Number of protein chains: 2
Amino acid sequence: MDKQTVTIYDVAREADVSMATVSRVVNGNPNVKPATRKKVLDVIERLDYRPNAVARGLASKKTTTVGVIIPDVTNIYFSALARGIDDIAMMYKYNIILTNSDENGRKEVQVLNTLMAKQVDGIVFMGNDISEELRKEFDRAKTPIVLAGCVDEQGVMPSVNIDYAAAVEEAVKNLIDHGNQRVAFISGSLDYPINRDYRLKGYKQALKKAGIRYDDKLVFETDYSYKAGQLLQPALQSVNATAAIIGDDELAAGVMNGVTDAGLKVPDDFEIITSNDTKLTEMVRPKMSSITQPLYDIGAVAMRLLTKLMSSETVDDKTVLLPYGLMKRASTH
Amino acid sequence: MDKQTVTIYDVAREADVSMATVSRVVNGNPNVKPATRKKVLDVIERLDYRPNAVARGLASKKTTTVGVIIPDVTNIYFSALARGIDDIAMMYKYNIILTNSDENGRKEVQVLNTLMAKQVDGIVFMGNDISEELRKEFDRAKTPIVLAGCVDEQGVMPSVNIDYAAAVEEAVKNLIDHGNQRVAFISGSLDYPINRDYRLKGYKQALKKAGIRYDDKLVFETDYSYKAGQLLQPALQSVNATAAIIGDDELAAGVMNGVTDAGLKVPDDFEIITSNDTKLTEMVRPKMSSITQPLYDIGAVAMRLLTKLMSSETVDDKTVLLPYGLMKRASTH
DNA sequence: CTGAAAGCGCTAACAA
DNA sequence: TTGTTAGCGCTTTCAG
């Protein structure tokens, strides 16, 4: 069978001390005489003893693992956040249980529940929206949860974001300043607060300040995919758009290639500013101008915030806004 | 304090049955009279009882979580595999502990150890290389491990891959058939068996069959990054390469843009075939021709294989090769 | 079909 | 500085 797993008890017996003492040296508790510590360490080495984290978790009620709910790891925007999360988690000795939700409300709830069942010490949630049902589950959870790249319209949950409204406003102003009177607004579903209540608001604000009438024909609601962007070209042309602010880089790449493939020149005939500044912006031609956001940092800060929450430290501000910028590349003048 | 967590014991008491019975209904054991099952279920509902997976894990020695070691989630190639892994894992009721290794041998070993400590039921490993030390740890683990997109030179570990040598040979033959006498081979480190023993071998094979002398000046060893590719242009020119087979899509995008930015036309002046067929190949202009591999499936099949291993099913073939192809796009004639 | 009881491997008071 | 002793919440024989 299985070669007998060696337990803390075996070590205690061999080292001729109590389990408590072994536990102490394993956990770095200073209240152990150096001599006995050495003795125990030797036995541990000799027996090749490995502490069982599950048993430890049960006894201590801490698993040193946190749950991460992500729409899709395959999306470069989210995977950048995830990387920030994992790095900081590792730094603080946590592991990550990563699950893809596809932004599917039911799946999110279900996943959240299995994470709770697994007794994770905390959760980082990414997604564009928090359904009512999900919010209820969040409330019920006694585990700390922080949102990364995801706004809480009610402003009650800890979260890390940039000021999307201001960023979009600035980007659109830039486009208008270049002489574009008809700037399209292209985003994912307007059911998502981040699009409806932040990005679109910034867009309207910029128009207003420039004295341009808002025209909802210029607002395009689609899904965040390259394909969707590519297919948008005819529609953009039919409303005489000469520029666009776009909510996602893959989507933007699609739009740009769609426009280009139709024979238009970017930026001469059509200017584009995208929103996430992923490395994709530098890989396409022309390179895309973008709102910049510190993707990795959003994840990293979110995780850091979570560690504080998990150790019940007092946190000054639970909703942190990281700085954004506007990076001019070749898709704008 | 904490609202008292409700345990299986509470349910048993309230339902006036034994813990064993509650355990049975929770685990869907059929040996329970429908009436008592209902009674228990009602109490579970009323008390909002949630089984504690950690306790269950300790008692049953199964955690229903598997470890996934990935070089970098941010790399679109690996994230595609990861997605396949997670989907199948979820299908079989497993969760994934995901950790980035950066291909760093020490980190890999360390991560592997914490995964073992957490008593994962299995592990999927991704990476270009298996260091000697890592291999020793693998051997020591009593937990099933499968490699995804990662060859085992010794052919002993379960793995899922494509036939890299044959794929590269076919791609290079294609390039040669187009009249290219000087085809560059651009890959990551040749310390990696996948590059040295498979891809390069396929490259040499194609040359040999075409009667072209192998010239190691045409072999470029670099890291898998966009930047690295972009910087390669002068070197490529200096050895008069007119085409290249490239081991990674981001790297290939970099090469292509570097070449293009230097004033050359792809594919007229320089042909490119890349290796991973990620969505990036369709986003750049010209679109890149590529060896196709079923990325998602490699992950999915690896996970499926792991589930079999975890439940001790007999597996016919532990090293599976999935089909590859050659997708002609606009970076070749 | 159901219950009693013995752990799983470790932590955490509490004593000493 | 060290040991004793309860559990943590659940699964799993073994009886009945």
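Convention: sequence-line order gives letters A, B, ...; per-chain numbering from 1. Remember, predicted model here, so these are calculated numbers, not experimental data.
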Test of ring centre spacing under 6.0 Å for A/F125 and A/F138: yes
What's the NZ-P distance between B/K62 and C/dG9, to the nearest Å? 14 Å
Between D/dT2 (C1') and A/K39 (NZ): distance, integer Å: 10 Å
Looking at B/Q154, I'd like to know if its CD atom is crowded, meaning that more than 12 non-hydrogen atoms belonging to other residues, nucleotides or ligands lie closer than 6.0 Å. yes
Tell me: CG of B/N29 to P of C/dG3, nearest whole Å? 13 Å
Note the angle between the end axes of the helix from C/dC1-D/dG16 to C/dA16-D/dT1, five pairs defining each, rounded to 10 degrees. 30°
Length of the line joining B/N27:CG and D/dG9:C1', which is rounded to integer Å: 13 Å
How about B/I97 and A/I96: do any of their side-chain heavy atoms sit closer than 4.5 Å? no
For C/dT2 and B/T21 - does any side-chain N or O of the residue sit under 4.0 Å from the phosphate oxygens OP1/OP2? no
Contact between B/D87 and B/Y296 at the side-chain level, heavy atoms closer than 4.5 Å - yes or no? yes
Are B/K61 and C/dG9 close enough that a side-chain N or O sits under 4.0 Å from OP1 or OP2? yes
At less than 4.0 Å, is any side-chain N or O atom of B/T36 found next to OP1 or OP2 of C/dT2? Yes or no. yes
Under-4.0 Å side-chain N/O to phosphate OP1/OP2 contact, B/N31 with C/dT2: no
Taking the minimum atom-to-atom distance to the side chain of B/S60, which one of D/dG7, D/dC10, D/dT11 wins? D/dT11
Look only at the side chain of A/T21 and the backbone of A/V17, and say whether a donor-acceptor pair between them is shorter than 3.5 Å. no
Within less than 4.0 Å of OP1 or OP2 of C/dC10, is there a side-chain N or O belonging to A/Y49? yes
Sidechain-backbone polar pair: B/D86 side chain, A/T99 backbone, donor-acceptor under 3.5 Å: no
Would you say C/dT11 has OP1 or OP2 under 4.0 Å from some side-chain N or O of A/S23? yes
Steps toward salt bridge (charged side-chain N to carboxylate O under 4.0 Å, His left out) verdict (B/D10, B/R13): CA-CA 5 Å; B/D10 299 316; B/R13 182 169 34 71; 2.9 Å; yes
How many Å lie between CZ on A/R56 and C1' on C/dT11, as a whole number? 9 Å
Taking everything shown except A/E313 itself, do over 12 heavy atoms lie less than 6.0 Å from its CD? yes
For A/R46, give me all partners under salt bridge (charged side-chain N to carboxylate O under 4.0 Å, His left out), at least two apart in sequence or on another chain. A/E14
Counting any heavy atom closer than 4.0 Å, what does B/V54 reach on the DNA or RNA strands: base, sugar-phosphate only, or nothing? nothing
What is the distance, rounded to the nearest whole Å, between atom OH of A/Y9 and atom P of D/dT4? 10 Å
Determine: side-chain N/O of A/T7 to OP1/OP2 of C/dG9, distance under 4.0 Å, yes or no. no
Whole-Å distance, B/I8 CD1 to D/dG9 P, equals 12 Å
Side chain proximity check, B/K118 to A/N95, heavy atoms < 4.5 angstrom: yes
Taken to the nearest whole Å, CE/A/M19 to P/D/dG7 is 15 Å
Look for any protein N or O under 3.5 Å of an N or O in nucleotides 13-16 of chain C and output each such pair with its distance, or none.
none

Residue pair B/A59/B/D16 against DNA chain C: nearer the 5' end by closest nucleotide is B/D16
